[in-house]
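To start, the structure itself, in structure tokens.
Per chain, numbering begins at 1; letters A, B, ... match sequence-line order. Hydrogens, waters and symmetry mates are skipped; everything else that's a heavy atom, side chains included, is used.
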2 protein chains.
Amino acid sequence: MLFNGYLSAMAFHKERSAGFLANQMARLFAKGLHERIRPLGLAPAQFMTLLALWDEDGLAQSELVQRLDVEQATMANTLTRMERDGLIERRANPDDGRSQAIHLTPRAKALRDPATAAARAQNEAALADFTDEERQTFLALMRRAISAMHGD
Amino acid sequence: MLFNGYLSAMAFHKERSAGFLANQMARLFAKGLHERIRPLGLAPAQFMTLLALWDEDGLAQSELVQRLDVEQATMANTLTRMERDGLIERRANPDDGRSQAIHLTPRAKALRDPATAAARAQNEAALADFTDEERQTFLALMRRAISAMHGD
DNA sequence: CAATGATATATAGCTTGCTATGCAAATGGG
DNA sequence: CCCATTTGCATAGCAAGCTATATATCATTG
């Protein structure tokens, strides 16, 4: 009775909810990044995928799924759009008929510098008035929240 | 030349990118919240909208757009799904033929306590090993990044 | 070697975002 | 009062998430 009364009275303030703020922040990051890379013909998830492939070309879809921590179906659809847009090619893997190696096209390789510069600019815009220490703290806290939710 | 060489060599590490971490963190928050409120028949954006309406019933769509900071089209679609699911009713506004007042159904009112409890549990899961001070710091840093990107 | 189980992708269907448009109702200036 | 502008919503169309399911290939094991 007292307990239920307490719960009912205990307002949930979205401004004080980490989840609410995380959602809003991520949308603003994505929107800002999208504006910056749109002239390059890229969308945010395509950029994230390119980050992994610029680092190591020829990965299998399953490896991209691991590195970017998205569901397999999400990655499959993103790769289909990237193939459509001339960013990647899916090449058969001679050792395993199930998997394919994802290879960058010359166009995708050429986008590396302008696209990473755009992403850096967006991060900088978000953290403009943060000190170096605050930036480190912020990244560390986000990593801890991610680990806690990821279960590791 | 030196500058271009520097840029090319300057790898972009997603693990050190605030935007990348923000995206991953927000997805984990949304996924965890969704699992917790799915038994109630709710999805995350519906819950966010309910938060505003539990606070003040009968708001116009335009007011919800302001409070939740999403695009008008996004809110219109979310409200359509909520109406379909029996969470809200759109009632004509006698003072302005363009707008409608969004009213909660009894079902939506009854979900307040269990749904906010679920959201609190998700926030707690994410911040389980944070001290009180770290929680305050984290929220403050997210608010500052949001303000910086929002342009205010 | 055949059957079983595991792995790699694909596809269907849904929610939540966004931009871009369209339209009707309200408002404000001449 | 009338026209132009503004405001409030709806809709179309797309990207990117997710879950659930299907399919084909590999691997294991009896």
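For the pair Q66(A) CD and dA8(C) C1', the computed distance is 12 Å after rounding to whole Å. In this structure, CG of L33(B) is placed 11 Å from P of dT16(C), rounded to the nearest angstrom. The nearest whole Å value for the distance from the CD atom in E35(A) to the C1' atom in dG17(C) is 14 Å. Atom P of nucleotide dG17(C) and atom CZ of F29(A) are separated by 17 Å, given to the nearest angstrom. Rounded to a whole Å, the CG atom of L79(B) is 11 Å from the P atom of dT16(C). Spacing between atom CZ of R84(A) and atom P of dA10(C) amounts to 16 Å, rounded to whole angstrom units. In this structure, the CZ atom of R27(A) is 12 Å from the P atom of dT16(C), given to the nearest Å. One can place CG of D96(B) at 6 Å from P of dT27(C), the figure rounded to the nearest angstrom.
Comment: R135(A) engages E124(A) in a salt bridge, judged by a side-chain N to carboxylate O separation of less than 4.0 angstrom.
L33(A) and A119(A) make their closest contact through CD1-CA, 3.8 Å (heavy atoms, listed as atom of the first residue, atom of the second, distance). Contact record, E83(A) with I88(A): N-CG1, 3.6 Å, taken as the closest heavy-atom pair. A108(B) and L104(B) make their closest contact through CB-CD2, 3.8 Å (heavy atoms, listed as atom of the first residue, atom of the second, distance). Minimum interatomic distance between L87(A) and R107(A) (heavy atoms only, all atoms of both residues): CD2-NH1, 3.6 Å.
Checking dG17(C), dT11(C), dT7(C) against every side-chain atom of R98(A), the shortest atom distance belongs to dT7(C).
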Using residues 16-23 of chain B as the side-chain source, report each donor-acceptor pair under 3.5 Å to any protein atom, sequence neighbours left out, with the distance given to one decimal.
from, atom 1, to, atom 2, distance (Å)
S17(B), OG, N123(A), ND2, 3.0
S17(B), OG, G19(B), N, 3.4
S17(B), OG, F20(B), N, 3.2
N23(B), OD1, R27(B), NE, 3.0

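Remark on DNA chain D: of its neighbouring residues P94(A) and R81(A), the 5'-side contact belongs to R81(A), judged by nearest-heavy-atom nucleotide. Judged by closest nucleotide on DNA chain C, A101(A) is the one of A101(A) and R38(A) placed further toward the 5' end. Toward the 5' end of DNA chain D, the nearer of the two residues T74(B) and D69(A), judged by each one's closest nucleotide, is T74(B).
Within 4.0 Å (heavy atoms only), A60(A) reaches sugar-phosphate atoms of the nucleic acid but no base atom. Across all strands, Q61(B) comes closer than 4.0 Å only to sugar-phosphate atoms, never to a base (heavy-atom distances).
Defined by atom type and a distance below 3.5 Å, a donor-acceptor pair is present between the side-chain atoms of Q72(B) and Q61(B).
For the salt bridge (Lys or Arg N to Asp or Glu O under 4.0 Å) test, no residue two or more places apart in sequence or in another chain qualifies with D69(A).
Taking every nucleotide of DNA chain D with any atom under 4.0 Å from a non-hydrogen atom of chain B, the first and last of them, 5' to 3', are dT7(D) to dT19(D).
Between the base of dA10(C) and the side chain of Q72(A) there is a donor-acceptor pair shorter than 3.5 Å.
For the OP1/OP2 pair of dA10(C) and a distance below 4.0 Å, the side-chain nitrogens and oxygens of R90(A) include at least one atom meeting the criterion. Contact annotation: N23(A) reaches the phosphate of dG17(C) (side-chain N/O to OP1 or OP2, under 4.0 Å). Note on S62(A): every side-chain N or O is 4.0 Å or more away from OP1 and OP2 of dT7(C).
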